[in-house]
There are 2 protein chains.
Amino acid sequence: MNIGIAAKASGISAKMIRYYEQIGLIPAADRTASGYRDYSDTDVHTLCFIRRARDLGFSVSEIEELLSLWRDRDRQSGDVKRIALQHIEELRSRIAEMEGMMTTLATLADACAGDQRPDCPILGDLAQPGGRNSPAPTKTPPPRSSPSV
Amino acid sequence: MNIGIAAKASGISAKMIRYYEQIGLIPAADRTASGYRDYSDTDVHTLCFIRRARDLGFSVSEIEELLSLWRDRDRQSGDVKRIALQHIEELRSRIAEMEGMMTTLATLADACAGDQRPDCPILGDLAQPGGRNSPAPTKTPPPRSSPSV
DNA sequence: TATAATGGTTCCAACGATGGGAAGGTCAAG
DNA sequence: CTTGACCTTCCCATCGTTGGAACCATTATA
């Protein structure tokens, strides 16, 4: 089948399928006599695997590992689980970071009248001299010398 | 003061300071006779403002707006608050998305033995023909209305 | 003073994942 | 045979940040 059909069937755009081939995430597709890429149901199955992994936030390199484990009949589920747990930790960390931002911002926005007057606690916080030490009203202890992430 | 000093004082790398100047986020710095950028305490203050906003996850274009409001004595705090609330919504949405991924992954990882056996619910889920929200990749896939983004 | 070690300058490229578009070839229906 | 949809490759843009190369300026030391 043509790349457009495979794209619709897998939920991955044709652009991205070509890109994945280019970076070696998937092997080069067969070609028809006229040079069109030709995909089998198996190929589409692989693409769906990739899309699902992508939807779960895995990076291309992680997907590469997962694909290789998927194809390996002698894999150890521990290897898969390790990748998953690692990714969960990554997500947890990014979520925590964003929640910190959100909490701080929500506090500031709450203190801001939001009318036509110029006084604004949000700008006041941003403009604090030595922003490095500006107290973020989060539950995390005072910032260290090195900025987080 | 030189860019390196300003970088340390503000917590923004010299590279980024030049970049911010290049894209017009900050005005071109004064130059010494030998061509070195020369920063004042006021400039550093602005850079700290930018860093603080960046730490809160604001994009460059949002920071641009915030800076211009900061410099405008006749600003309306409502404008600032609007930007903040909008950003909070953005954060909330991204957090929700990642939490969805995390929940799914945690469930799968929990069901995975994680030992040397090859059976793995994580791979099992990823390999589901069609995944959770995609059409079944049969030979005659039913015409599907546009799938979720 | 000569020299080495910082530290500044510009320019170019890369990352990750994706989209846009141009120029041109191919296929199927009318 | 024409038309329109689809395919091909190639290049560019995104966003924020980092890295490096090649070169110039300043400063510290032998």
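For clarity, every value in this text was computed on a predicted model and none was experimentally measured. Within every chain, numbering begins at 1; the chains are lettered A, B, ... in the order of the sequence lines, protein sequences first and strands thereafter.
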Quiz prompt | Shortest non-hydrogen contact between B:Ala9 and B:Cys48, atoms and distance | solution = O-SG, 3.8 Å
Quiz item: Do B:Leu123 and A:Ile26 belong together in a cluster built from hydrophobic side chains that touch within less than 4.5 Å?
Solution: yes
Quiz item: Can you check salt bridge (Lys or Arg N to Asp or Glu O under 4.0 Å) on B:Asp79 and B:Arg75, steps first, answer last?
Solution: CA-CA 8 Å; B:Asp79 290 336; B:Arg75 66 180 168 251; over 6 Å; no
Exercise. Walk along DNA chain D from 5' to 3' and tell me the first and last nucleotide with an atom closer than 4.0 Å to a non-hydrogen atom of chain B.
Key: D:dG16 to D:dT26
Quiz item: Taking the nucleotide of DNA chain D with the closest heavy atom to each, which residue, B:Tyr19 or A:Glu21, is nearer the 5' end?
Solution: A:Glu21
Quiz item: Tell me, for nucleotides 22-30 of chain C in 5' to 3' order, what letter each nucleotide earns: B for a base near a protein heavy atom under 4.0 Å, S for only sugar-phosphate near one, - for neither?
Solution: ---BBS---
Taking only N and O in the side chain of [X], is any of them less than 4.0 Å away from OP1 or OP2 of [N]?
{"X": "B:Arg31", "N": "C:dT10", "value": "yes"}
{"X": "B:Arg37", "N": "C:dT10", "value": "yes"}
{"X": "A:Arg54", "N": "C:dA17", "value": "no"}

Tell me: [atom1] of [X] to [atom2] of [N], nearest whole Å?
{"X": "B:Asn2", "N": "C:dT6", "atom1": "CG", "atom2": "C1'", "value": "11 Å"}
{"X": "B:Ile3", "N": "C:dG8", "atom1": "CD1", "atom2": "C1'", "value": "8 Å"}
{"X": "B:Arg18", "N": "C:dC12", "atom1": "CZ", "atom2": "P", "value": "16 Å"}
{"X": "A:Phe58", "N": "C:dA17", "atom1": "CZ", "atom2": "P", "value": "13 Å"}
{"X": "A:Glu64", "N": "C:dG16", "atom1": "CD", "atom2": "C1'", "value": "13 Å"}

Quiz prompt | Partners passing ring-ring contact (aromatic ring centres under 6.0 Å, His included) against B:Phe58 (at least two apart in sequence or in another chain) | solution = B:His87
Quiz prompt | Test log, rule side chain to side chain donor-acceptor pair (under 3.5 Å), inputs B:Asp43 and B:Ser40 | solution = CA-CA 5 Å; B:Asp43 295 330; B:Ser40 67; 3.2 Å; yes
Quiz item: Would you say the side chain of B:Asp74 lies within less than 4.5 Å of the side chain of A:Pro118, judging by non-hydrogen atoms?
Solution: no
Exercise. Report yes if some heavy atom in the side chain of B:Leu108 is under 4.5 Å from a heavy atom in the side chain of A:Lys81; otherwise report no.
Key: no
Quiz item: Parallel, tilted or perpendicular: which describes the rings of A:Trp70 and A:Phe49, with under 30° parallel and over 60° perpendicular?
Solution: parallel
